[in-house]
Amino acid sequence: MSNFKILSTGIVAIALSLASGCTPTTPHDQTTSEAPPAQSVQTTESPSATVSPTASPTTSGQNTPSSSDKQFMTEAAQGGLAEVQLGKLALKRGTSKAVKQFAQRMVKDHTPVNNQLKQLAAKKGVTLPTSLDTTNKQVQQRLSNLSGASFDREYLNQMLEDHQNDVSAFQTEAQGGQDPDVKAFAAKTLPTLQQHLKQVSSLVNPGTTTNAPTPSSAPTPTSTP
């Protein structure tokens, strides 16, 4: 009887140990699997591509000359036309060889300058005169009524006055013009105009532009015996 009781007690102990060894461990695993996924931190909507402005303001005003630039271009074109047409007139009516040579230079030098100014005006959208204005037509008419030495003298005086005005206007534009292209045109043409002025000055007033003017008015020494 005591042996049976010991055996049954041992069986119960084994059953209890088996029951306690088979306890499920899944509740511990469930607490670790409930962590939220890290994929929700995506930042795909970056507005950097649309923030920088693409339409930058253009400097279209650089291509438009100022009113003073336009006035200079118009007056330069008018003067160039006059010097070419009066030069052609001097080739027909002039008498002096020096006058004819100067007139030929006027036609030769001012024709390409006038063409350059036309191209520049077309680029800038400026309309230039294509014929003489009233003042230059009057000069042309007055010279047409002269001939010989009278024509030579009046033509040279007119060219002297014109080139004095030209040099002054081109110097002003080359130094203080607003449009860089018009400024460059004035600076490039100025040396030629200065040469014209020097040449016509020497024709109107011989000896004034020479390197060593001769003192023709100085009294000559008299020889005493």
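Numbers for residues simply follow the sequence, beginning at 1.
With hydrogens and angles ignored, the 3.5 Å screen pairs no side-chain donor or acceptor of N136 with any backbone N or O of A82. H110 contributes no side-chain N or O that, together with a main-chain N or O of M106, makes up a donor-acceptor pair within less than 3.5 Å. With hydrogens and angles disregarded, no donor-acceptor distance shorter than 3.5 Å links the side chain of T111 to the backbone of K108. Looking only at distances, no side-chain donor or acceptor of R93 sits under 3.5 Å from a matching main-chain atom of F151.
No side-chain donor-acceptor contact under 3.5 Å links N165 and S168. In the model, Q175 has no side-chain atom that pairs as donor or acceptor with a side-chain atom of Q171 under 3.5 Å. E161 and N157 are not linked by any side-chain donor-acceptor pair at a separation below 3.5 angstrom, with hydrogens and angles left out of the test.
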Candidate pair E173 and K183, rule salt bridge (Lys or Arg N to Asp or Glu O under 4.0 Å), full reasoning: CA-CA 6 Å; E173 180 65 23; K183 253 181 104 171; over 6 Å; no
CA sep, side-chain torsions, deciding dist, call: Q199, Q195, side chain to side chain donor-acceptor pair (under 3.5 Å): CA-CA 6 Å; Q199 182 177 357; Q195 293 174 5; over 6 Å; no
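Side chains of D179 and S66 form no contact here, defined as non-hydrogen atoms less than 4.5 Å apart. The side-chain heavy atoms of M73 and L120, taken from C-beta on, include a pair separated by under 4.5 Å. L197 is listed as a side-chain neighbour of L160, based on a closest heavy-atom distance under 4.5 Å. At a threshold of 4.5 Å between non-hydrogen side-chain atoms, the residues H196 and V200 do not count as touching. You'll find the side chain of Q104 stays beyond 4.5 Å of the side chain of K100, heavy atoms only.
The two residues T95 and A149 have their closest heavy-atom pair at OG1-N, 4.2 Å. Nearest heavy atoms, D152 versus S96: OD2-N, 2.8 Å. Among all heavy-atom pairs drawn from F170 and A76, the shortest one is CZ-CB, 3.9 Å. Between Q78 and D133, the shortest heavy-atom distance links the atoms OE1-N, 2.9 Å. When all heavy atoms are compared, the tightest approach of L89 to S144 is CD2-OG, 3.7 Å. Smallest separation of non-hydrogen atoms from G87 and A103: O-CB, 3.4 Å.
Considering V99, V139, L203 in turn, V99 is the only one that fulfils the side-chain contact (heavy atoms from CB on, under 4.5 Å) rule with Y155.
Atom OG1 of residue T64 and atom CD of residue Q178 lie 13.0 Å apart, to the nearest 0.5 angstrom. The distance from atom CG of L132 to atom CG of L86, rounded to the nearest 0.5 Å, is 7.0 Å.
The hydrophobic clustering, which links ILVMFWY residues whose side-chain heavy atoms are closer than 4.5 Å, places L91 and L146 apart.
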